[in-house]
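Both ligands and their constituent atoms are indexed starting at 1 by order of listing.
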Amino acid sequence: MKVLIVGGGGREHALAWKVASSAHVDRVYVAPGNAGTVREPKVENVAIPAGEITALLAFARSARIDLTLVGSEVPLVAGIVDRFDEAGLRCFGPSGSAAALEGSKVYAKSFMDRHGIATAPYASFSDLHAASAYIRAQALPLVIKANGLAAGKGVVIARSAEEGVRAASDMLAGHAFGSAGQEIVVEGFLEGEEASFIVVSDGIDVLPLASSQDHKARDAGDRGPNTGGMGAYSPAPVVTRAVSDRVMSEIVLPTIRGMAREGRPYRGFLYVGVMVAPDGTPRVLEYNCRLGDPEAEVILFRLRSDLVEIIEAGLTGRLKKIQPLWDQRAALGVVLAAAGYPGLPRMGDVIAGLDGEHPADTAVFHSGTAIKEGRIVTAGGRVVCVCARGATVSEAQSLAYARVKKIQWQGMYYRPDIGYRAVARETKEADP
Ligand code: AMP
Ligand code: GLY
């Protein structure tokens, strides 16, 4: 079969790599892809941006694509799945109305209220005066969020009322995120440890994927501005069996049932960002209507089963029959970013060290890369994600950073401490 993957980041490179390894698949097209996808066996890039649904549909028809997977949230929220469905083409992901769980934080918060799903207390505003008065009356810290899509950057954690009012004002005035910020959510700060809990749903049944943990802050020790994610690892030790059971019964299943009841049945990948409180109570930080990036890279690097078979089961309501096999080892991924990220990144620098002999159990998934005059150059904020598998997170971490050391370009930046929480746990267990 022929598969089309929509997007051009590290998540889509990992998807293309994994899908191409399926015995069912002859050819994989990635729109638009990057310099990494184009180098994978069986894979080719198609020069159509992920947001151009009409062009993607025309391509899928003319190339006789059997299955389309959508990596990024922008086309999902814009209704790509509805358009493909209408045309009789198979496209795995939520409809535009179901993708509102990510596309509108105001919808997501009110949905959780209606269905008794635990999350931080909140209020929503489109008026700055009302928002400021509310912010000044709340305990600190407070979290200010743009309602719409902001590439993982529309969240400000305010430690003072002034900071909160400034963030609200930036968003509501349209300076920071355009129309995505015309409405905001102000919510209470949740204490605990974060985890990414990603599942596949066919609208009724749910298959949980391996747990993972992302590092959203730019700098070591979780400092600096929020980014799309600077690294991840899987599994996340904070998601114990008991926590996983609670996330499923208190969050994921009520979400899938609630969406069906609201006439927006949810099919596709569902990503729940959870904060696990010290007593083990999980609460929702955010929903995403797709796989995470860089979570997808480490999760897919551990998946031993055929992803296409899982997705086929999701499309035909047979998820209950699927039991995926996971590599029991841990996987860890370090994002190498361009100078300036998460602001406007420096681009066009030649990347050295991608080729040559590399240790087994490592992989480099490309995000913002392009080919210019036959050389691979930086073309985005997050440039590559360097992944490794190891018996422990500590082992995966050493192997990943050893490979990171071989890669270089002008202004390359990365966090030196991806996986630090899990490594600290492992060290404590080994030497109590
Ligand atoms: P979001 O895009 O909503 O997940 O927010 C981005 C990041 O901000 C999250 O991954 C958390 O690290 C942090 N965050 C968001 N909401 C809260 C909250 N209510 N309490 C504490 N941290 C939060
Ligand atoms: N890594 C966080 C996200 O994909 O939203």
Side-chain angles (χ1 to χ4, degrees), residues 7 9-12 14-15 71-74 76-77 99 101-109 112 118-124 138-159 164 167 171 177 180-181 184-198 209 211-218 222-234 236 238 269-277 281-300 333-335 337 342 365 367 381-382 385 415 418 421:
R11 167 183 49 209
E12 290 77 22
L15 276 169
S72 80
E73 62 278 13
V74 173
L76 287 167
V77 170
L101 275 185
E102 174 167 3
S104 166
K105 299 220 190 243
V106 175
Y107 173 74
K109 294 296 283 190
M112 287 185 266
T119 185
Y122 81 107
S124 61
Q138 300 301 306
L140 294 164
L142 267 180
V143 187
I144 320 291
K145 302 184 173 184
N147 176 51
L149 297 181
K153 295 163 208 157
V155 174
V156 173
I157 296 176
R159 313 238 161 230
M171 289 180 192
F177 305 106
I184 59 168
V185 164
V186 179
E187 68 177 37
F189 183 83
L190 296 174
E191 301 282 351
E193 184 170 343
E194 250 179 280
S196 305
F197 199 95
I198 306 178
L209 300 178
S211 66
S212 56
Q213 190 174 70
D214 180 15
H215 297 56
K216 290 204 169 106
R218 186 190 58 194
D222 293 326
R223 290 170 210 280
N226 244 313
T227 69
M230 294 299 289
Y233 62 96
S234 168
V238 66
F269 293 104
L270 175 67
Y271 168 134
V272 190
V274 293
M275 186 68 91
V276 183
T281 301
R283 293 186 180 83
V284 177
L285 287 170
E286 63 165 341
Y287 289 112
N288 292 320
C289 61
R290 33 99 192 151
L291 289 166
D293 191 345
E295 289 94 329
E297 288 91 312
V298 291
I299 290 174
L300 295 173
V334 181
V335 168
F365 295 114
S367 314
R382 293 190 290 176
C385 179
R415 271 182 68 157
I418 300 303
R421 284 196 190 82

For D214, take its heavy atoms, then give the atoms of ligand 2 lying under 4.0 Å from any of them.
-> 1 (N), 2 (C)

Judged by modelled atom types alone, do S124 and K109 share a side-chain donor-acceptor pair under 3.5 Å?
-> no

Identity of the nearest option to atom 5 (O) of ligand 2, non-hydrogen atoms only, from Q213, R290, K216 = R290

Taking atom types as modelled, find out whether N147 and S104 have a side-chain donor-acceptor pair closer than 3.5 angstrom.
-> yes

For ligand 1, which atoms sit closer than 4.0 Å to a heavy atom of N226?
-> 7 (C), 8 (O)

Subset of ligand 1 atoms that lie under 4.0 Å from at least one heavy atom of K145 | 3 (O), 15 (C), 16 (N)

Polar contact flag for G188 and ligand 1 (N/O pairs, less than 3.5 Å) = yes

So do the side chains of P342 and R218 get within less than 4.5 Å of each other, counting heavy atoms only?
-> yes

Are L15 and L291 side-chain neighbours, meaning at least one heavy-atom pair lies under 4.5 Å?
-> yes

Where does D214 meet ligand 1, judged by heavy-atom distances below 4.0 Å: at the side chain, the backbone, both, or neither?
-> neither

Flag side-chain contact, heavy atom, 4.5 Å: L285 against E194 | yes

Between the side chains of E295 and Q213, does any donor sit under 3.5 Å from an acceptor?
-> no

Does ligand 1 have any atom that is closer than 4.0 Å to a heavy atom of K105?
-> yes

Would you check the N or O atoms of L190, main chain and side chain alike, for any that come under 3.5 Å of an N or O of ligand 1?
-> yes

Report yes if some N/O of R11 lies less than 3.5 Å from some N/O of ligand 2; otherwise report no.
-> no

Can you list the ligand 1 atoms lying under 4.0 Å from a non-hydrogen atom of E187?
-> 16 (N), 17 (C), 18 (C), 19 (N)

Which atoms of ligand 2 are found less than 4.0 Å from any heavy atom of G292?
-> 4 (O)

Taking non-hydrogen atoms only, is E73 closer than 4.0 angstrom to ligand 2 via side chain, backbone, both or neither?
-> neither

Polar contact flag for G228 and ligand 2 (N/O pairs, less than 3.5 Å) | yes

Cation-pi between R421 and Y233: NZ/CZ under 6.0 Å from ring centre and within 45° of the ring axis?
-> no

Under 4.0 Å, heavy atoms only, figure out whether ligand 2 is touched by the backbone of E295, its side chain, both or neither.
-> side chain

Looking only at atom types and distance, does a side-chain atom of S234 sit under 3.5 Å from a main-chain N or O of V298, one as donor and one as acceptor?
-> no

Short version for V143: what comes under 4.0 Å of ligand 1, heavy atoms counted, is side chain

Would you kindly say whether S196 and Y271 are connected by a side-chain donor-acceptor distance under 3.5 Å?
-> yes

Can E286 and K145 be counted as an ion pair, charged N to O under 4.0 angstrom?
-> no

Mind checking whether D293 has an N or O less than 3.5 Å away from an N or O of ligand 2?
-> yes

